[in-house]
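First comes the structure, then the notes that go with it.
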2 protein chains.
Amino acid sequence: MDQAKGPRKGRAIGKTNDVNADLIAVVVAVNDAGPCVLTIEEGGALPSGPFELAHRSLQSGLRAWVELQTGQPLGYIEQLYTFADRDRVGANQRVISISYLALTREEDTGASGRRSWASWYDYFPWEDHRSGRPPIVLEELRPRLIEWADGADDGATRFDRRRRAAVAFALDGRAWNEELALQRYELLYEATLVEEAKRGGVSAILASVPGRSMIADHRRILATAIARLRSKIKYRPVVFELMPPLFTLLQLQRTVEALSGRLINKPNFRRLIEQQELVEKTGATTAETGGRPAQLYRFHHTILDERPVAGTKLPLARA
Amino acid sequence: MDQAKGPRKGRAIGKTNDVNADLIAVVVAVNDAGPCVLTIEEGGALPSGPFELAHRSLQSGLRAWVELQTGQPLGYIEQLYTFADRDRVGANQRVISISYLALTREEDTGASGRRSWASWYDYFPWEDHRSGRPPIVLEELRPRLIEWADGADDGATRFDRRRRAAVAFALDGRAWNEELALQRYELLYEATLVEEAKRGGVSAILASVPGRSMIADHRRILATAIARLRSKIKYRPVVFELMPPLFTLLQLQRTVEALSGRLINKPNFRRLIEQQELVEKTGATTAETGGRPAQLYRFHHTILDERPVAGTKLPLARA
DNA sequence: ACGTTTATAATCGTTGTGACTATAAGGGGT
DNA sequence: ACCCCTTATAGTCACAACGATTATAAACGT
């Protein structure tokens, strides 16, 4: 192998450069309660395990670990990011985390022990704007962020911190941007307002921190997944990976709203979906919700192949 | 560390699961000749090297290797993808390739030995549509792709292959989509129409293959970078990383055209750039190109912080 | 019968943007 | 000096996308 790669200089094959690669999965589903993530340890961690020689590929290794730990088979998979960051260094060993996003339907509730579905918004209570801006933003986060900003040494840093907080959390009359989920989490981390940022720190005085945390950097990875998914549903029809075979347009809309954390105008949503020919009527109807029975639709699969770029643009409120 | 990660089951710390992680850089610049990539070995490989204990992070490791091998300091860096695929398996050792995209200006031509800038389109001659569709598509690729499609066993596969080829290469009256650069390369790989796909194969009869190749999967990584960059310039103002401090709007347009491989309507481009307030006039002008002297602009940096989503949407020809 | 809920259709006005035309300002050749 | 070339810059036009709103239809419950 190395002979074939002659160009490398100073390359030393040996144990000194070996690393341990972890595969971490964010498995997402949506149910009536909202968007969910598959967890182990009662919501304290994401399914994960080391990449091993026996695995044919990164993806198959990930599938194996998730199925072993939760019994959940995975369909759609997409690579998220590879981390090799802070506080994950061992003696003469480094850990690389390769994270994936998986979309599935919460059906096959195999009784596989330690798994459980947890709502996104238990971990990020400030991300759900479906009923307007959640109180936690103005009541808890804003004062603490301002306090953090004003604690900076020089004026330029204070100004910059206030601006970043305002952009991320839609303060000072700015518009909320649901895709900034990761930036919001990173900002709270930087401001030491999440539990993870206090680990190993001297401040044993743990004031109440917003949102439930996870081990290691799992919550950060979850934030990465949320941001990616919220962005992707706008230009690729990935929502359908989360839908049952037959669904009504309102169910589809509720799913998109659950993911994006904000409400959508109903007629516009219907028009967008229908004119893009992403779905087709089945003829059947359902009347389980009360009100006029709704048409049942099915995803129009061939569209995926023909139009690789088209997607489900979300009709979201203008700023 | 492992105690903190109690959830893992069947986890075995030991040499058996160790892997070697390679960092690979696609360093992009644009000059008068077009879009370029930084290479070593006379264009045969991308700068790369193993992730080592001494590196503080993945990014710093990458910077170190690129600077060591080419003398090029890196500015903007963005992670591309992590591969652990085919034919990169050694005995009891696996190689993970973590690839990055870097944008820079081709200025500091330090005389660092084995580096050289190579045009994208030497490796992907079918990707440059600035002067209309290149002849290679219809004259060479199309007949071979059809031959490959018709070589399938069953009719469904034949149909599917023809459709995929038509979508990727804009056959049968379809519109060219510059963002499908990676899919095109993968399709050619699957059809055994690129040199990499024939390595180790029995077919020693190497018919002339389109485009220059690289060692290992470096050309695939380059294709990934091109696709990512072509997509990203449409919604994030990353082009400016490739521009000198002062530039004219036409220079900016030529850069975008070089990257996307297609021409842009001039008035529309100017309107888009100016109304988004991405640039500001400096007052100075230049008259080096002949014709009326052009205003020199400068990137409006503050915009980056205020509008994290806004970008340089490309006014591209409608389908 | 009436109100409530949901589904479905239609309309209006603004914005975005692709395509095109026109005018201005320089240089070089004859 | 004039013409012609090249490039810069401004303006127009038409259509498509889309956010917001209203209206009508079809079920159920009281």
How would you list, by chain and number, every residue that makes a salt bridge (Lys or Arg N to Asp or Glu O under 4.0 Å) with A:R298, sequence neighbours excluded? A:E280
According to the interplanar angle, ranging from 0 to 90°, do the rings of B:H129 and B:W176 count as parallel (below 30°), tilted (30 to 60°) or perpendicular (above 60°)? parallel
Counting any heavy atom closer than 4.0 Å, what does B:L249 reach on the DNA or RNA strands: base, sugar-phosphate only, or nothing? nothing
A:F124 meets the ring-ring contact (aromatic ring centres under 6.0 Å, His included) criterion, sequence neighbours left out, with A:W126
Value in whole Å for how far the P atom of D:dT7 lies from CZ of B:F269: 16 Å
Take atom CZ of B:R270 and atom P of D:dT7, then tell me their distance rounded to the nearest Å. 13 Å
Spacing between A:N268 atom CG and C:dA10 atom P, to the nearest angstrom: 15 Å
note: B:N265, atom CG; C:dG16, atom C1'; distance rounded to Å ~ 14 Å
Please tell me which of the listed nucleotides, C:dA19, C:dA7, D:dT7, lies nearest to the side chain of B:L250? D:dT7
In whole angstroms, the gap separating P of C:dT17 from CD1 of B:I273 amounts to 12 Å
Once side-chain hydrogen bond (donor to acceptor under 3.5 Å, both in side chains) is applied, do any residues pair with A:Y100, and if so which ones, sequence neighbours excluded? A:Q79
For B:R228, give me all partners under side-chain contact (heavy atoms from CB on, under 4.5 Å), at least two apart in sequence or on another chain. B:E78, B:L80, B:L101
For A:L252 and C:dT6, what is the distance between atoms CG and C1' respectively, to the nearest whole Å? 16 Å
For B:Y121, check ring-ring contact (aromatic ring centres under 6.0 Å, His included) against everything at least two apart and list the hits. none
With sequence neighbours excluded, residues passing ring-ring contact (aromatic ring centres under 6.0 Å, His included) with A:Y297: none
Roughly, in whole Å, what's the span from CD in B:Q253 to C1' in D:dT6? 15 Å
For A:E274 and D:dA17, what is the distance between atoms CD and C1' respectively, to the nearest whole Å? 16 Å
If each end axis of the helix from C:dA1-D:dT30 to C:dT30-D:dA1 is fitted on five C1' pair positions, the angle between them, to 10 degrees, is 10°
Out of C:dA7, D:dC18, D:dT21, which has the shortest distance to the side chain of A:Q275? D:dC18
Which is more 5' along DNA chain C, the nucleotide nearest A:R271 or the one nearest A:Q295? Just name the residue. A:Q295
Contact between A:I226 and A:L259 at the side-chain level, heavy atoms closer than 4.5 Å - yes or no? no
List, with names and distances, any nitrogen or oxygen atoms from the protein found under 3.5 Å away from nitrogen or oxygen atoms belonging to nucleotides 24-28 of chain C.
from   : atom 1 : to     : atom 2 : distance (Å)
C:dA24 : N3     : B:R292 : NH1    : 3.0
C:dA25 : O4'    : B:R292 : NE     : 3.4

Considering only C:dA7, D:dA20, C:dA9, which nucleotide approaches the side chain of A:P267 most closely? C:dA9
With a 4.5 Å limit on heavy-atom distance, are the side chains of A:C36 and A:N31 in contact? yes
Phosphate OP1/OP2 of D:dA8: any B:K266 side-chain N/O under 4.0 Å: yes
Side chain of B:T248 (C-beta onward), nearest among D:dT22, D:dA8, D:dA10: D:dA8
Taking salt bridge (Lys or Arg N to Asp or Glu O under 4.0 Å) as the cut-off, I'd like each qualifying pair that reaches into residues 246-255 of chain B, sequence neighbours left out, listed once. B:R254-B:E257
